[in-house]
Amino acid sequence: VAPTIVPLHGSHTSDLSVAETRRSVRCVELRVWELCRYAQHYLSQGFSTVVIRKGGFVYVYVTWLQDAERAMLPFDLPSLARANVAIDGPVLSDLAQRLYPTQRFVQCFEM
């Protein structure tokens with residue numbers, strides 16, 4: 001689920017009409033989702049961190065596992081990629097339990 005994208009200065013800026021502001025927000029939304037799909041391709045190739053720059057946009061995606069003490073735990077996305085598993089929400093939410101079944105508190109985070 002993506003956050004709502006709004007201008008920094010409220011629902012519209014004084015320099016732009018409401019229609020222009022909406023077009024600008026829509027342009028940003030389209031670019032963000034385009035970069036998100038691009039990042040998903042690299043996740044499916046086994047990368048856990050992706051930084052993409054396209055024009056004036058920079059998109060960063062990171063996923064990681066933490067134990068009960070909030071220490072980062074190593075994990076292997078390439079093995080999932082080789083198994084042709086779609087790397088998305090359900091897979092990532094189950095990733096911690098599958099990789100660390102004997103630990104009680106391991107969480108998977110995405111940013």
Side-chain angles (χ1 to χ4, degrees):
V1 175
T4 302
I5 299 172
V6 297
L8 293 176
H9 303 291
S11 61
H12 73 279
T13 63
S14 59
D15 295 342
L16 298 175
S17 70
V18 173
E20 290 171 322
T21 299
R22 286 186 182 141
R23 278 195 299 275
S24 295
V25 169
R26 184 68 182 141
C27 175
V28 171
E29 288 173 342
L30 291 172
R31 183 56 57 103
V32 167
W33 282 111
E34 174 190 356
L35 296 175
C36 179
R37 286 188 296 276
Y38 194 71
Q40 287 291 323
H41 166 75
Y42 283 98
L43 290 171
S44 71
Q45 301 298 311
F47 293 90
S48 61
T49 302
V50 179
V51 179
I52 304 166
R53 182 180 187 130
K54 188 168 186 179
F57 292 87
V58 177
Y59 181 87
V60 179
Y61 175 88
V62 181
T63 186
W64 70 96
L65 298 177
Q66 286 183 351
D67 64 13
E69 287 78 38
R70 297 186 180 179
M72 291 181 70
L73 299 170
F75 66 98
D76 183 26
L77 279 177
S79 65
L80 294 176
R82 285 191 300 274
N84 290 325
V85 174
I87 300 175
D88 57 15
V91 170
L92 291 175
S93 63
D94 295 337
L95 185 63
Q97 291 179 350
R98 288 189 290 132
L99 294 177
Y100 293 94
T102 60
Q103 292 194 24
R104 293 187 66 219
F105 186 80
V106 176
Q107 290 182 299
C108 182
F109 294 92
E110 298 176 88
M111 180 173 71

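These numbers were taken from a predicted model, which means no experiment stands behind them.
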Original post:
Gln66 and Leu73: which non-hydrogen atoms are nearest, and at how many Å?
Top reply: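 Answer, listing the atom of Gln66 first, then Leu73: C-CD1, 4.0 Å.
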**OP:** For Tyr42, look at atom OH and say whether over 12 heavy atoms of other residues, nucleotides or ligands are found less than 6.0 Å away.
**Re:**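 Atom OH in Tyr42 is not packed in, count stays at 12 or less.
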Subject >> Qualifying salt bridge (charged side-chain N to carboxylate O under 4.0 Å, His left out) pairs with a residue from residues 37-50, counting only residues at least two apart or across chains >> reply: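 The answer is none; no pair qualifies.
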**OP:** Sort and list the pairs that fulfil salt bridge (charged side-chain N to carboxylate O under 4.0 Å, His left out) and have at least one residue in residues 43-54, not counting sequence neighbours.
**Re:**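 Counting only pairs at least two positions apart or across chains, the salt bridge (charged side-chain N to carboxylate O under 4.0 Å, His left out) contacts touching residues 43-54 are Glu34-Lys54.
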**OP:** Considering only Ile, Leu, Val, Met, Phe, Trp and Tyr, and joining two whenever side-chain heavy atoms are under 4.5 Å apart, list the other residues clustered with Phe109.
**Re:**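 Under the 4.5 Å side-chain rule, Phe109 groups with Val51, Val58, Val60, Val62, Trp64, Met72, Met111.
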**OP:** Mind checking the CD-CZ spacing from Glu29 to Arg22? Nearest 0.5 Å is all I need.
**Re:**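 Output value for this atom pair is 12.0 Å.
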**OP:** Rounded to the nearest 0.5 Å, what's the gap from CZ on Phe105 to CZ on Arg70? Could you check?
**Re:**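 If I round to the nearest 0.5 Å, the distance is 8.0 Å.
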